[in-house]
Amino acid sequence: MGEVRIGVYICHCGKNIGGVINPSRVAEFASKLPNVVVARDYMYMCSSPGQMLIEEDIKRHNLNRVIVAACSPRMHEPTFQGVLKKAGLNPWLLEMVNIREHVTWVHEDVPDKAEEKAKELVYAAVMRAQHLYEITIHRLPVVKSALVIGGGIAGIRAALDLANAGIKVYLVEKKQSIGGKMAQLDKTFPTLDCSKCILTPLMVDVARHPNITIYAYSEVVDVSGSAGDFKVKVRLKPTYVDWSKCTGCGYCTERCPARAPREFDEGLGTRKAIYFDFPQAVPRRPVIDPKYCLWFTKGICRACEKLCPVGAIDFNQKDRYIELNVGAIIVATGYELYDMTKLREYGYGKYKNVITGLQLERLSDADGPTKGKIVRLSDGKEPETVAIVLCAGSRDEKHVRYCCRFGCAAAIKHIYYVKHSVPEAKVFVLYTDIRAFGKGYEEFYQRLRGMDDVYFIRGRPAEIFEAKDGSLIFDVFDSNTGQLLSIKADLVVLESAVVPPKDWESLRRMLKISCDPGGFALELHPKLRPFETTADGIFLAGAIQGPKDIPDTVAHAAAAAAAAIGFLSKGEVESTPYLAVVNEDLCSGCGLCASVCPFDAIEIKEEGGRRIAKVNVIRCKGCGACAATCPSGAMQQNYFTDTQIVSEVSALAGGAK
Amino acid sequence: MGERFEPRIVVFACNWCSYAGIDLAGVSRIKYPHNVRIVKVMCSGRVHPEMVLKALVDGADGVLITGCHPGDCHYISGNYKTMRRYLLLRKLLRQLGLEERVRLEWISASEGDRWAKVATDFVEHIRRLGPLRLKEVMSAE
Amino acid sequence: MDFKKSDVEKMKDNSIDVAFINGGIRLSEHEEMVRLLRRKSKVVVAFGSCAHLGGIPGLANLYSTSELITYAFREAPTVVNPDGVTPTASYKAPEGELELPRILKYVKPLDDVIDVDYYIPGCAPTPNIIKKALDDILSGNLPPKGTVFGSSRALCDECELNKTKPEKILLKDLKRVHQVKLDLSKCYLAQGVLCLGPVTRGGCGALCIKGGMPCTGCFGPLDNVKDFGARALSFIASIIDYDDEKLAERIIEEYLPDPAGWFYRYSLPRSLVKGRYSGGGK
């Protein structure tokens, strides 16, 4: 930019500054500093005449740096940046000196020292200003569409909210149908609503919404780009049914001769090799499971192909890939149950009559393997005694440390299932604490706890053994009564701990968002920004941020959608002025900057046989951690380069000469 | 009796917490010693130990690094990096006989009063230690 | 060239084309010799880490001269000195008074005493760098004054193992090289071994790395780095993967008990502070 020409402006701020120090003496001092062309003081620098004064000086004296010594930059930095802009200067050629909050307001009692300090701060600003340079703000238009990953209740709610706001939504679901865990539940606590009855209307709304496209039986395989302009690659897994032809009549699923364990029943029931996840599936389009289909396994049958009235069966289907371009991404991948076989002492997977809470839901559901009857899996008999074990794997250093947040309420609901199906059954609830925190939960708890033959025991079972007749025997120490009890139960229900989905980790890496110690997605702020992530344009809905029950999930999803709508409706994304910038000539590609970047904004790329750090200007938030880590000084931060900071530091350390 | 030693203290303050807290002390008219000179950075994680040493060599009698309390960093983890750099720097400074000259303090945006106390304590501490004059001392034969 | 001082003194000023000077400045005699050589030479090249940065002997700057002398002449385990004799600057012998060179308060790099034109880094300098310097100087193809021969980038740039680095290096554990069986085909730093390659000027061809040892920094800092040790310290502290102060402190206490020795192994006299502060305040 050639010769440095600095203008220095000292504000009186009425008596706020001028009543303590003499601004014209400070201006007089400043006028003699290196490259200062003009230095003035004025009553209110931020007033229109004050601003005009600077603007005219910039033009008249051909200034290319402006220093305003006034209040905190947190107050008026944007004001004076505006002045520079108006005068045709890059706003980052402004330097503010805080002589009000940091000087006159706190050193009123020592005005001489205050004035000396003001001079020194101005001196340091002049030294720093020598090294200022123009900063470019990168602007990118925002693509007004959103990707929702996961079609459970969180994804459904978020997708509907976005779509209703006029935003094009792509909903990617890995299973055959949207609906998620909520579709597997028989009833919901504390109201005992039929879960599917309240869920399926929303699923239908999603399917019918003109702004929503569902990609079921699909998964996200690559995410590139950045906030406002993500490129997402989605793999459409082969269903072996041409969904564009299929009408969902279901004829094929009825006639298919091959059977497979039904995932939707948590392995308890069976389904056909060509199947819908459940009767109300959305989209109502079947998939063929090649692991069980007789054509794929034995080269025979093809009954479905023969029967299909529209000729939709296509055994030659392969993976298909589509590219989506979206401005925002909502992650709603939900949770999985912790593997109960890891709790060896409970015998899950070894003893038939030890089941999970979700399996009990399936037993209780009319669409389930027993058509809604709760029975012992070993012999199909009605259980006389049921033990419900809370915190199975949760709040346990050996397994997961955190609370699953719905096990208590689910267990209370499960008492109801048992008593409703087998009214004379005895129910033991083995708990650590009962956390009935939600609206109506405590009342629900009190109601169920008061039922006949329901016993709450404060303790976790010791090892569970199986008796010859398939019933289960265990000891439990009740810490409420101090007694060691021996219990024999026909059915043991484990309210399992909750973990992120197995394939989440690879998606998380694609999205470049952090995780908490439990592996769940890390929110931007646990209290104030629980549905945003460190990556702009990526939002969290539901249990992927941490275990949640349905009301919390829905609230969280709606909040994520609102945040995404706000983000998308701004129209464009801007880079921070304080970007990390690399001197590529000096960069050795050591990768330490990328290691410490909290926003994963830096990538090391091969270029011309070298490794060089590259900054994503939209992801970078301008903290400067990389610049303070870079061992070779190649990484710098705009407005806070090593030279700029050090020139200020040296000036302040040495005092005005 | 000669004039009282007035130490020269360079303070690094992050934009979001500490600088705002220092501003708050001003808005609340809470007095503290004039000896502190504030250098604003966006995040304490930007403060390079090299800058701290440079301040001492160039004439500062003490350096104070301030940032958001642990867990409150506007940039998620900048202050943790600051904490680790400080721990290691302090060990180095101990070997260099300068340990007492540098401190790390967490000041939130609402802690104007705490800032005034931290500043007062540190200025008094450095006053007791006396002038550093690092460059002169280290170049003397 | 003759090495007798009187012979050199008799030479005309600027009559030596190039003087390669190695070693740091520890004694008053060193100052005298290098000033003489400067006067007689057209070009002065600081040769090796000691002349360039102060070198390993520069770590003596962590102690006072009296501590050094007491240790070296009285306390070191190999010393036998029943009378506790220590060197003095002058000594009266029967033949007359003998003068010994004075020990300086701090070890200094060469350019603290005389003007230096070029630097050949390394402990020891590698043949390729010496050859490059000689070629440049002999061909008259002189680089800008102050040039440090070597790369303008850090060692990682030329290290074969750089491409094996993971996306992020964050260390829960640090290891000394003898505590771990290094996989020689993967970045040592990523294996938790403190390799100073990222902060050290390249040009050596990563010889130590190829020999199974991490870089210890003998080529010194890059051009715009003011303090090698602070840069090394900062990057290592930044990638220690503990946000808990106690855990971070534990790993530092355990594996980095001597940051000055580690990070200023070759460069303490050329650092910002230069040694242990010897002022007593008031």
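All figures in this text were calculated on a predicted structure; none of them were measured in a lab. A, B, ... follow the sequence lines: proteins, then strands. Residue 1 opens every chain.
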TODO: Please look at Met83(B) and chain C and tell me whether the side chain, the backbone, both or neither of the residue comes under 4.5 angstrom of a heavy atom of that chain.
DONE: side chain

Task: Which atoms of Leu89(B) approach chain C - backbone, side chain, both or neither, heavy atom under 4.5 Å - done: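 Contact with chain C is through both the backbone and side chain of Leu89(B).
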
Tell me which of these, [options], has more heavy-atom pairs under 4.5 Å with chain B than the rest.
options                                    : value
Leu272(C), Asp244(C), Asp112(C)            : Leu272(C)
Ser238(C), Gly261(C), Ala248(C), Ser271(C) : Ser238(C)
Asn61(C), Leu62(C), Asp258(C)              : Asp258(C)
Leu233(C), Leu256(C), Ile239(C)            : Leu233(C)

With chain C as the partner, which of [options] has the greatest number of non-hydrogen pairs under 4.5 Å?
options                                : answer
Leu134(B), Leu87(B), Leu98(B)          : Leu87(B)
Leu96(B), Leu53(B), Leu56(B), Val57(B) : Leu96(B)
Gly45(B), Pro70(B), Pro49(B)           : Pro49(B)
Lys91(B), Lys81(B), Lys135(B)          : Lys91(B)

Is any side-chain N of the basic residue among [X] and [Y] closer than 4.0 Å to the acidic one's carboxylate O?
X         : Y         : result
Glu100(B) : Arg94(B)  : no
Glu6(B)   : Arg127(B) : yes
Arg8(B)   : Asp61(B)  : no
Arg270(C) : Asp111(C) : yes
Glu29(C)  : Arg102(C) : no
Arg84(B)  : Glu249(C) : no

Open item on the list: Is Phe235(C) close to chain B through its backbone or its side chain, or both, or neither, when contacts mean heavy atoms under 4.5 Å?
Closed with: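 Looking at Phe235(C), nothing touches chain B.
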
Open item on the list: Under 4.5 Å from any heavy atom of chain B, what part of Ile251(C) do you find: side chain, backbone, both or neither?
Closed with: neither

Open item on the list: Just to verify, which of Ile38(B), Val102(B), Val39(B) counts as forming a side-chain contact (heavy atoms from CB on, under 4.5 Å) with Val10(B)?
Closed with: Val39(B)

Open item on the list: Whether the side chain of Tyr266(C) engages the backbone of Cys123(C) through a donor-acceptor N/O pair (distance < 3.5 Å, no angle test) should be reported.
Closed with: no

